[in-house]
Amino acid sequence: MTDLSAFPITKKWPAEHPDRIQLYSLPTPNGVKVSIMLEETGLPYEPHLVRFDTNDQMSAEFLSLNPNNKIPAIIDPNGPDGKPLPLFESGAILIYLADKAGQLIPKDAAGRYEAIQWVMFQMGGIGPMFGQVGFFHKFAGKEYEDKRPRDRYIGEAKRLLAVLDQRLEGRDWILGDQYSIADIATFPWVRNLVGFYEAGDLVGIDEFSNVKRVLAAFVARPAVARGLDIPKRPA
Ligand SMILES: N[C@@H](CCC(=O)N[C@@H](CS)C(=O)NCC(=O)O)C(=O)O
């Protein structure tokens with residue numbers, strides 16, 4: 001029987017199935033990257049809900065796994081050399097799970113780095129910039145009188161969407177024929193920008209027909225539909 005008791009996070013979120021990958025998350029655009037990946041690959045896992053309304057991410061137990069107080073984070077009880085592996089940062093988790101499952105990342109070295117390149121493009125560009133659009137358009141930043149930060153992030157979001165749209169021209173997915181971790185990293189954020197953030201018109205989403213086409217194909221995948229709702233939010 002696998003023993004995860006050395007990880008303090010398991011005190012607050014006990015593992016019912018300690019032999020499975022433990023996922024600590026909430027269905028946000030970063031969180032669902034990992035639940036979608038786990039659903040796509042079929043790797044066995046156990047989800048645990050980290051609630052922001054009760055500041056779970058600031059608890060000592062959560063911080064013991066991710067000192068940066070952000071979801072998602074995982075523990076794989078059967079990591080490299082058969083030892084448990086704790087991991088945070090969704091991009092790192094996607095690469096790790098792709099390698100573990102032998103799925104959703106090209107097997108050849110050049111293709112592999114191409115996938116990682118686009119994951120980094122999401123992690124360093126799309127995620128942070130779209131997140132700022134949300135803050136300045138929908139949340140507290142909406143009240144700021146000075147609109148220059150808002151305009152700056154809208155401009156950046158548009159620029160990044162144009163880069164993505166150009167990349168998708170003549171391609172089914174970011175890497176071409178092969179659906180990959182690059183798509184799983186990126187499209188939850190595009191969906192969130194036009195959905196939850198209600199910023200579609202603001203960024204002129206209709207100008208980006210390739211992005212819209214691939215977003216529709218992404219959300220139509222059954223594993224994506226399941227992953228978008230894991231862990232379940234409280235009723
Ligand atoms: N770069 C991190 C970002 C994670 C992130 O920003 N998570 C947000 C939810 S989408 C969070 O946990 N926020 C809680 C907080 O900041 O207290 C990753 O990709 O894993």
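All ligand and atom numbering here is 1-based and tracks the order in the structure. For reference, positions follow the sequence shown, starting with 1. Heavy atoms only: backbone and side chains are in, while hydrogens, waters and symmetry mates are out.
Enclosure of atom CG in Asp146 by more than 12 non-hydrogen atoms of other residues, nucleotides or ligands within 6.0 angstrom is indicated. More than 12 heavy atoms of other residues, nucleotides or ligands lie within 6.0 Å of CG in Asp53, so this atom counts as buried by the packing criterion.
Of all atoms in ligand 1, numbered sequentially from 1 with element shown, those under 4.0 Å from a heavy atom of Pro72 are 20 (O). Within ligand 1, the atoms closer than 4.0 Å to a non-hydrogen atom of Thr28 are 9 (C), 10 (S), numbered from 1 in the order shown.
Contact annotation: for Gln57 versus ligand 1, heavy atoms closer than 4.0 Å belong to the side chain alone. Under 4.0 angstrom from ligand 1, the non-hydrogen atoms of Asn69 come from both its backbone and its side chain. At a heavy-atom distance under 4.0 Å, only side-chain atoms of Phe52, from C-beta outward, approach ligand 1. Here Met58 has no heavy atoms under 4.0 Å from ligand 1, in either its backbone or its side chain.
The nearest heavy-atom contact from the protein to atom 7 (N) of ligand 1 is Ile71 O, 3.0 Å. In terms of protein heavy-atom proximity, atom 16 (O) of ligand 1 is closest to Lys70 NZ, 2.5 Å. Counting only heavy atoms of the protein, atom 2 (C) of ligand 1 lies nearest to Glu89 OE1, 3.3 Å. At the top of the distance list for atom 20 (O) of ligand 1, counting protein heavy atoms only, stands Ser90 N, 2.9 Å. With hydrogens left out, the protein atom closest to atom 3 (C) of ligand 1 is Asn30 ND2, 3.6 Å, a heavy atom.
No donor-acceptor contact under 3.5 angstrom links the side chains of Glu89 and Tyr96, judged on distance only. A donor atom on one side chain and an acceptor atom on the other are not found under 3.5 Å apart for Tyr24 and Gln57.
Note on Asp183 versus Arg221: no salt bridge recorded, every NZ/NE/NH1/NH2 to OD/OE distance being 4.0 Å or above. With respect to the salt-bridge test (charged N to carboxylate O, under 4.0 angstrom), the residues Glu114 and Arg167 qualify. Between Asp229 and Arg226 there is no salt bridge, since none of the side-chain N atoms of the basic residue sits less than 4.0 Å from a carboxylate O of the acidic one.
Not close to ligand 1: Gly91, with no non-hydrogen atom less than 4.0 angstrom away.
Aromatic pair Tyr144/Phe136: ring centres closer than 6.0 Å.
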